[in-house]
Undergrad: 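Input: one structure, supplied below.
Order of appearance sets the numbers: ligands from 1, and atoms from 1 within every ligand. When reading the values below, keep in mind they use all heavy atoms of this one structure, side chains included, and skip hydrogens, waters and symmetry mates.
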Amino acid sequence: MDKLRDIFYKTNGDLTQELILEPSVLGLGQLPKRLMPQAAVNLICGYCSTGCSLTVHLRNREAVNLTPNRHHPVNLGEACPKGWEALTPLTAPDRAKTPLLKDRFGKLVAVDWDTALKIFVGRFKDIQRKYGAERVAFLSTGQFCTEEMALLGALAKFGMGMVHGDANTRQCMATAAVAYKQSFGFDAPPFTYKDFEESDVLVFVGANPCIAHPIMWQRVLMNRHHPKIVVIDPRKTETAMAATHHYTVAPKSDLSLFYGLARIFIANGWINQIFVERHTNGFSEFTDHVRQFPLELVSAATGLAIKEIEELADLIHCGQRVSFWWTMGVNQSHEGVRLAQAIINLALLTGNIGRPGTGANSITGQCNAMGSRLFSNTTSLLGGYDFLNPEHRHKIAEILKINPDCIPAQNSLSYDQILEQIPVHKIKGLWVIATNPAHSWINQHDFREVISQLDFLVVQDMYATTEMAQLADLVLPAAGWGEKEGTVINSERRLGLFRKVAAAPGVALADFYIFKLIAQYWGCAEMFTDWSSPEAVFQILKKISRQTPADISGIRDYQMIEESGGIQWPFPESMTAEALNLHQNSERRLFADGKFYHPDGKARFLFEDIRSVPEPPDKFYPFVLLTGRGTSVQWHTQTRTGKSAVLRKLYPKEAYVEINPQDAGRLKIEPGQWVHVSSLRGMVKAKAVVTPTVKPGELFMPMHYPETNRLTFAAFDPYSRQPSYKYCAANVTRLPHD
Ligand SMILES: Nc1nc2c(c(=O)[nH]1)N[C@H]1C(S)=C(S)[C@@H](COP(=O)(O)OP(=O)(O)OC[C@H]3O[C@@H](n4cnc5c(=O)[nH]c(N)nc54)[C@H](O)[C@@H]3O)O[C@H]1N2
Ligand SMILES: Nc1nc2c(c(=O)[nH]1)N[C@H]1C(S)=C(S)[C@@H](COP(=O)(O)OP(=O)(O)OC[C@H]3O[C@@H](n4cnc5c(=O)[nH]c(N)nc54)[C@H](O)[C@@H]3O)O[C@H]1N2
Ligand code: SF4
Ligand SMILES: [Mo]
C-alpha cells in the first residue's frame, strides 16, 4: 500500500496538495476505515442487472476470495461463473495504471495525472473556444455507480458546457425506457423478482435468461406453480430448451404476432373490461388497429402455424397470473418501441399488471442500466426530469444551487447522431467512459472511419488494451468494480451497494474522483463543492428524486441499503416507518392500485403500422444474421471476462457462426470448419457451428467477438434510436482452400 502511495506522490506531488482529497478516497492506499475490521464485505456484482450480492473475504485487508451472499433476497446464495470470478479481472496485467498520452509516433506513453488533466482541459477547451461548447460530447455507460453517472452528467453538461452526451444504454435499454415512458408516463419497469416465482404462465420474448441472467432463471426454477414457460425466439436457445413451449418466430415479425394475439383476445372477449375501462386509454382505437391482423396474415409473417398462434393465445388466456418478460430480441429492433408497447398492451388488456406474478417486464442488461436511465443526465435531466421544461430546469438548479442557465435547454443528440456529427465536424472532441464501442457499436467499418476524424478522443477505462483505448489520444486509468463505492440499481429497481474491497492499481482512480479532478482543472469545482463523496452525492440524488415516481428520499444512507439487502424504488420518506420491516416489504411491484403516471392516471394503448425490415436478405446475402450473447461466462467485449483463465476455458476462443445443418449440408460446410461470413459491410472469418438451434436461412454470431459488428447493419428504432443489432442480410461460404 505504501508503495502505491509513493507512486502517487511521485507522479502527482503537487496535485494532491491542490486537491483537498485524501489519498484514501482517491482509490489509493488503505480501504475506507469502516471496512477495516471486517473479514467479509457484501457488494453487488458488477456485471449483469440481476444484482446478486457477493461476499468478498478479506485477509490482512486484501481481498482473497469471494462467495455468493446467502442472505441476500436477490440471489439467495447463488452466483453465475462471472460473479464467482469477479475479482480476477482486477489484477490483470493490462490494467491501465497511469494516464497514457499518444505520442507523435502514435504510441500511448505514460504521463502523470497533472499532465493528463492539463491536456484534457486544454484540448477540449480549445475545441470549445474555436467552434462552440457543444462540439465536445461524451459517451458513457450502464456499468458504474449512479453517483458517478450523476457527477459525470452534471459536470459535462452544467460545468463544462456540453450539450450532447449519451450512454451505451442506448444500445441496450433505450427502447424499453421510451416504451414505458409513453405507455405509463414514466420509465418504470413494474416487476419484482418474486413475480418469476408467482406466475403460472411466463412469456419470454427475445430473452435468453439461461445465458444472460442465470440467477433470474434460478428464480424461475423456484416457481412452485408448475408454470407454463413460453419462449418466443427465432432460435432454440438454452432457455427455449428449458421451456414448456417454444415459438420460433421469423426474426422481426413479433409485432405482427402481438397484434394478432390482441385481435384474438378482443374477438373472443378475453379481456379484463373493468381494468381496461378504469385504467387505460386508447383501447377502442387499438381494437380497430388490430383488426388488420387476421390469423392467416400473422402466420405468413411469423412463419408460425395458425394452430401454434391459437395455442399461444390460449395459453395466455388460461393463465391466472401471466407475466411477460422481454430483453434484447425486442429492444434491438427497427420497431422495438412499438413491439415493447404491443407486449404492454397485451398485459393491459388482460389485466395482467400490478398483481403478483404478472407484468409487462423489461429485463435490463448492465448492473446499473437502471441508474443510468434515471440519473445520467443524458436522455432526461437528472432524476427523470425534462431538459425542455423551464420549470424542471429551475427546480434542478435550485436543488443544486446553480444558475439555471447552466442547464442546457435542449435534448442531447442520441448516440448514433453524435457519431454522425463527427464526419461533418460538428462534434470534434469525444470523451468515452466505461464502454468499448470500437467493438460493441453497430457497423464497425463505419465506426473507425468516423472516430479517426475527431480532433481529440479521451477514453477512460480500467484497461489500456480495449479496442477503444487503442484509438484514444489520451487514456485515463479508472478503478473498477470492487475498487470504489456507490449505489447501483438492478432490474427490479433495487438499490444496492458497490463497496471498496481492493486498491486500484498504479495511480488509477475511481471514476468519481477522476470527475472531481476534471472539475478542478476545468475551473468549475465550486459548482460541485457539495458533491464531496459518493455518499454526499447520494444525498443530493435523494433530494432530486423527491415526489417523482422514483422517489428514494426515504432511504437514509448507504448503511440502510446495506442492512436491508437493498431497497427498491420508490421509497419515499413516508415509507420510513415500514422500513423497519424492510425484509417483509422487500418485494414490491408497481401499479397495484392501477394508477399510472400520466396526468389522468391511465396507461395508454400505443400502436402503429408494421415497418418493413431495413435490410432484407437477397440473392447475394440470402441469410438473416442474428447476434446476441453466446455463453454465460462471456461479458460483452470481453475486457473483463477475457482476463479469467477459468472463464476462458469455458468458451470458444475464436469467433463462430451457428448455421442450420440443412444449410451447412447444401453449402458443404463441415462442423468446426472455417467459413467466411459476409454482409454489405465486409467479410470476416469464423468457425462453423452446425446446429439445429438456428433455423434454415438464419445465422447466429455472438457479440463477444469483434468480427460480429463488422457485419451488422446500422438501422435504428425511430423513437428510441436503439440500434437493430439483431437483423441484417448476410452470406456464408466455405473458405476457398479449407
Ligand atoms: N453472459 C452474459 N450475460 C449478460 C450479458 C453478456 O454480455 N453476457 N450482457 C447483459 C446485457 S447488457 C444485456 S442487454 C442482456 C441481454 O440479454 P438477452 O437479450 O437475453 O440476450 P441476447 O442474446 O442479446 O438476445 C436475446 C435473444 O433475442 C433473440 N432474438 C433476436 N432477434 C429476435 C426477434 O426478432 N424476435 C425475438 N422474439 N427474439 C429475437 C436472440 O435469438 C436471442 O436469443 O444480457 C445481460 N447479461
Ligand atoms: N452485435 C451486437 N452488438 C451488441 C449487442 C448485441 O446484442 N449484438 N448488445 C449491445 C448491448 S445490449 C450492450 S449493453 C453493449 C455493451 O457494449 P460495451 O459497453 O462497449 O461493452 P463492455 O465490454 O461491457 O464495455 C465496458 C467497458 O468499460 C470498462 N469498465 C468496466 N468497469 C469500469 C469502470 O468502473 N470504470 C471505467 N472507466 N471503465 C470500466 C471495461 O473495461 C470495458 O472496456 O453492446 C451492444 N453491442
Ligand atoms: S447473474 Fe449477473 S449479477 Fe448474478 S453473479 Fe452472474 S453476472 Fe453477477
Ligand atoms: Mo445491454
Side-chain angles (χ1 to χ4, degrees), residues 44-54 68 74-75 78-86 89 92 94-96 139-145 148 167-173 209 212-218 327-329 331-332 364-369 432-444 459-469 476-484 486 490-491 496 498 504 508-512 514 625-629 632-643 701-705 708-712 722-726 728:
I44 299 300
C45 174
Y47 285 109
C48 90
S49 62
T50 305
C52 299
S53 171
L54 306 172
V74 165
N75 54 314
E78 307 259 1
C80 83
K82 294 187 294 304
W84 280 100
E85 272 294 287
D94 64 338
R95 283 295 298 272
L139 296 173
S140 75
T141 191
Q143 288 177 60
F144 58 36
C145 312
E148 297 181 313
N168 66 1
T169 37
R170 182 73 65 175
Q171 301 164 37
C172 180
M173 302 319 313
H213 298 96
I215 302 306
M216 289 193 203
W217 185 252
Q218 290 297 315
T327 319
M328 290 307 120
N331 285 354
Q332 293 170 345
T364 52
Q366 304 168 80
C367 59
N368 199 20
V432 176
I433 307 116
T435 183
N436 187 16
H439 172 143
S440 61
W441 185 249
I442 198 159
N443 184 7
Q444 277 305 309
V459 174
Q460 184 168 319
D461 204 286
M462 292 169 66
Y463 303 97
T465 49
T466 70
E467 285 95 339
M468 201 62 207
L476 301 180
W481 172 89
E483 297 167 343
K484 56 185 176 179
N490 78 356
S491 272
F498 271 12
L509 298 175
D511 295 279
F512 188 88
I514 299 179
L625 175 64
L626 303 169
T627 70
R629 276 75 199 153
S632 69
V633 294
Q634 286 168 290
W635 181 257
H636 295 164
T637 72
Q638 294 265 62
T639 68
R640 288 193 278 164
T641 41
K643 305 293 152 53
M701 287 180 77
M703 65 166 296
H704 314 294
Y705 307 88
T708 303
N709 276 326
R710 291 189 196 132
L711 302 172
T712 47
Q722 179 158 345
S724 176
Y725 284 107
K726 291 179 168 24
C728 76

Undergrad: For atom 10 (C) of ligand 2, what's the nearest protein heavy-atom neighbour? Residue, atom name and distance, please.
TA: Q332 NE2, 3.5 Å

Undergrad: Check W84 against A79 and note the closest heavy-atom contact, atom names and distance.
TA: NE1-O, 3.4 Å

Undergrad: Where does M468 meet ligand 2, judged by heavy-atom distances below 4.0 Å: at the side chain, the backbone, both, or neither?
TA: neither

Undergrad: Is it the side chain, the backbone, both or neither of Q366 that has a heavy atom closer than 4.0 Å to ligand 2?
TA: side chain

Undergrad: Purely on distance, is any nitrogen or oxygen of Y463 under 3.5 Å from one on ligand 2?
TA: no

Undergrad: Is a side-chain donor or acceptor of K484 paired with a backbone partner of F498 at a separation under 3.5 angstrom?
TA: no

Undergrad: For ligand 2, is there an atom lying under 4.0 Å from some heavy atom of W635?
TA: yes

Undergrad: To check you understand the geometry: which heavy-atom pair defines the closest contact between Y47 and R640, and what is its length?
TA: OH-CB, 3.3 Å

Undergrad: Please report which non-hydrogen protein atom sits nearest to atom 25 (O) of ligand 2, along with the residue it belongs to and the distance in Å to one decimal place.
TA: N436 N, 3.7 Å

Undergrad: Just how far is it from atom CG of N331 to atom CD of Q171, taken to the nearest 0.5 Å?
TA: 12.5 Å

Undergrad: Provide, to 0.1 Å, the distance between atom 19 (O) of ligand 2 and the closest protein heavy atom, together with that atom's residue and name.
TA: N168 ND2, 2.7 Å

Undergrad: Considering only heavy atoms, does T639 approach ligand 2 within less than 4.0 Å through its side chain, its backbone, both, or neither?
TA: side chain

Undergrad: Enumerate the atoms of ligand 2 whose separation from the nearest heavy atom of N709 is less than 4.0 angstrom.
TA: 1 (N), 2 (C), 3 (N)

Undergrad: Can you check whether Q460 has an N/O within less than 3.5 Å of an N/O in ligand 2?
TA: yes

Undergrad: Should R95 and K643 count as side-chain neighbours, where that means a heavy-atom distance under 4.5 Å?
TA: no

Undergrad: Looking only at protein heavy atoms, identify the closest one to atom 44 (O) of ligand 2 and say how far it is in Å.
TA: D461 OD2, 2.6 Å

Undergrad: May I have the step-by-step check of side chain to side chain donor-acceptor pair (under 3.5 Å) for N436 and E467, ending in yes or no?
TA: CA-CA 7 Å; N436 187 16; E467 285 95 339; 2.8 Å; yes

Undergrad: Stepwise, does the side-chain contact (heavy atoms from CB on, under 4.5 Å) test hold for V74 with N490?
TA: CA-CA 10 Å; V74 165; N490 78 356; 3.7 Å; yes

Undergrad: Looking at T637, is its backbone amide N or carbonyl O close enough to the side chain of H704 to form a donor-acceptor pair, meaning the two atoms are under 3.5 Å apart?
TA: no

Undergrad: Does any N/O atom on G628 come nearer than 3.5 Å to any N/O atom on ligand 2?
TA: no

Undergrad: Kindly give the heavy-atom pair with the smallest separation between A478 and D511, and that separation in Å.
TA: CB-OD1, 3.6 Å

Undergrad: Tell me, which protein residue and heavy-atom name are nearest atom 4 (Fe) of ligand 3, and how many Å apart are they?
TA: C52 SG, 2.3 Å

Undergrad: Test side chain to side chain donor-acceptor pair (under 3.5 Å) on N168 and Q366 and set out the steps.
TA: CA-CA 10 Å; N168 66 1; Q366 304 168 80; 2.9 Å; yes

Undergrad: Pull out every atom of ligand 3 sitting under 4.0 Å from any heavy atom of G83, numbered as shown with elements.
TA: 5 (S)

Undergrad: Give the atoms of ligand 2, by number and element, whose distance to some non-hydrogen atom of Q143 is under 4.0 Å.
TA: 19 (O), 22 (P), 24 (O), 26 (C)

Undergrad: Answer with side chain, backbone, both or neither: which part of C80 has a heavy atom less than 4.0 angstrom from an atom of ligand 3?
TA: both

Undergrad: Give the intermediate values and the outcome of side-chain contact (heavy atoms from CB on, under 4.5 Å) for residues M468 and H439.
TA: CA-CA 8 Å; M468 201 62 207; H439 172 143; over 6 Å; no

Undergrad: Which ligand 2 atoms does T466 reach within 4.0 Å, using its non-hydrogen atoms?
TA: 44 (O)

Undergrad: Apply side-chain contact (heavy atoms from CB on, under 4.5 Å) to residues C48 and M216 and explain how you reach the verdict.
TA: CA-CA 10 Å; C48 90; M216 289 193 203; 5.8 Å; no

Undergrad: Of all the atoms in C48, is at least one N, O or S atom closer to atom 4 (Fe) of ligand 3 than 2.8 Å?
TA: no

Undergrad: Going by the order shown, which atoms of ligand 3 are within less than 4.0 Å of some heavy atom of Y47?
TA: 7 (S)

Undergrad: Is the shortest N/O to N/O distance between R640 and ligand 2 below 3.5 Å?
TA: no

Undergrad: Tell me whether T708 contacts the main-chain N or O of P702 through its side chain, where contact means a donor paired with an acceptor under 3.5 Å.
TA: yes

Undergrad: For F144 and I433, work out which heavy atoms get closest and say how close.
TA: CE2-CG2, 3.4 Å

Undergrad: Need the ligand 2 atom indices (1-based, order shown) with element for anything under 4.0 Å from a heavy-atom of D511.
TA: 34 (C), 35 (O), 36 (N), 37 (C), 38 (N)

Undergrad: Quick check on contacts: which atoms of ligand 2 are under 4.0 angstrom from a heavy atom of A479?
TA: 34 (C), 35 (O), 36 (N)

Undergrad: Nearest protein heavy atom to atom 23 (O) of ligand 2, by residue and atom, and its distance?
TA: T637 OG1, 2.6 Å

Undergrad: Pull out every atom of ligand 2 sitting under 4.0 Å from any heavy atom of A478, numbered as shown with elements.
TA: 36 (N), 37 (C), 38 (N)

Undergrad: Out of all atoms in ligand 2, which are within 4.0 Å of some heavy atom of K484? Include the element for each.
TA: 34 (C), 35 (O), 36 (N)

Undergrad: At what distance is the nearest protein heavy atom to atom 1 (S) of ligand 3, and which residue and atom is it?
TA: I215 CG1, 3.5 Å

Undergrad: With atoms numbered from 1 as shown, which atoms in ligand 3 lie under 4.0 angstrom from a non-hydrogen atom of G51?
TA: 3 (S)

Undergrad: What protein heavy atom is closest to atom 32 (N) of ligand 2, reported as residue, atom name and distance in Å?
TA: M462 SD, 3.4 Å

Undergrad: Under 4.0 Å from any heavy atom of H636, which atoms of ligand 2 are there?
TA: 14 (S), 16 (C), 21 (O), 22 (P), 23 (O), 24 (O)

Undergrad: Under 4.0 Å from a heavy atom of C45: give me the atoms of ligand 3 that qualify, with their elements.
TA: 3 (S), 5 (S), 7 (S), 8 (Fe)

Undergrad: Give the minimum heavy-atom separation between C45 and C367, together with the two atoms involved.
TA: O-CB, 3.7 Å

Undergrad: Where the side chain of Q332 meets the backbone of P723, is there a donor-acceptor pair that is under 3.5 Å apart?
TA: no

Undergrad: To check your reading of the model: name the closest protein heavy atom to atom 26 (C) of ligand 2, its residue, and the distance in Å.
TA: A434 O, 3.5 Å

Undergrad: Any donor and acceptor pair, going by atom type alone, linking the side chain of T627 with main-chain N or O of M701 inside 3.5 Å?
TA: no

Undergrad: Could an N or O of ligand 2 be found under 3.5 Å from any N or O of S440, whether backbone or side chain?
TA: yes

Undergrad: Please confirm whether the backbone N or O of N75 pairs with a side-chain atom of E78, one donor and one acceptor, at under 3.5 Å?
TA: no

Undergrad: Closer than 4.0 angstrom: is that true for some heavy atom of K726 and an atom of ligand 2?
TA: yes

Undergrad: Show the atoms of ligand 3 that are less than 4.0 angstrom away from any heavy atom in K82.
TA: 7 (S)

Undergrad: Using side-chain contact (heavy atoms from CB on, under 4.5 Å), reason through L54 and W481 one step at a time and then give a plain yes or no.
TA: CA-CA 12 Å; L54 306 172; W481 172 89; 4.0 Å; yes

Undergrad: At their closest point, which heavy atom of H213 faces which heavy atom of S49, and how far apart are they?
TA: NE2-OG, 3.4 Å

Undergrad: Answer side chain, backbone, both or neither: which part of R629 comes under 4.0 Å from ligand 2, heavy atoms only.
TA: side chain

Undergrad: Students should be able to answer this: which protein heavy-atom is nearest to atom 8 (N) of ligand 2, and at what distance?
TA: T627 OG1, 2.9 Å

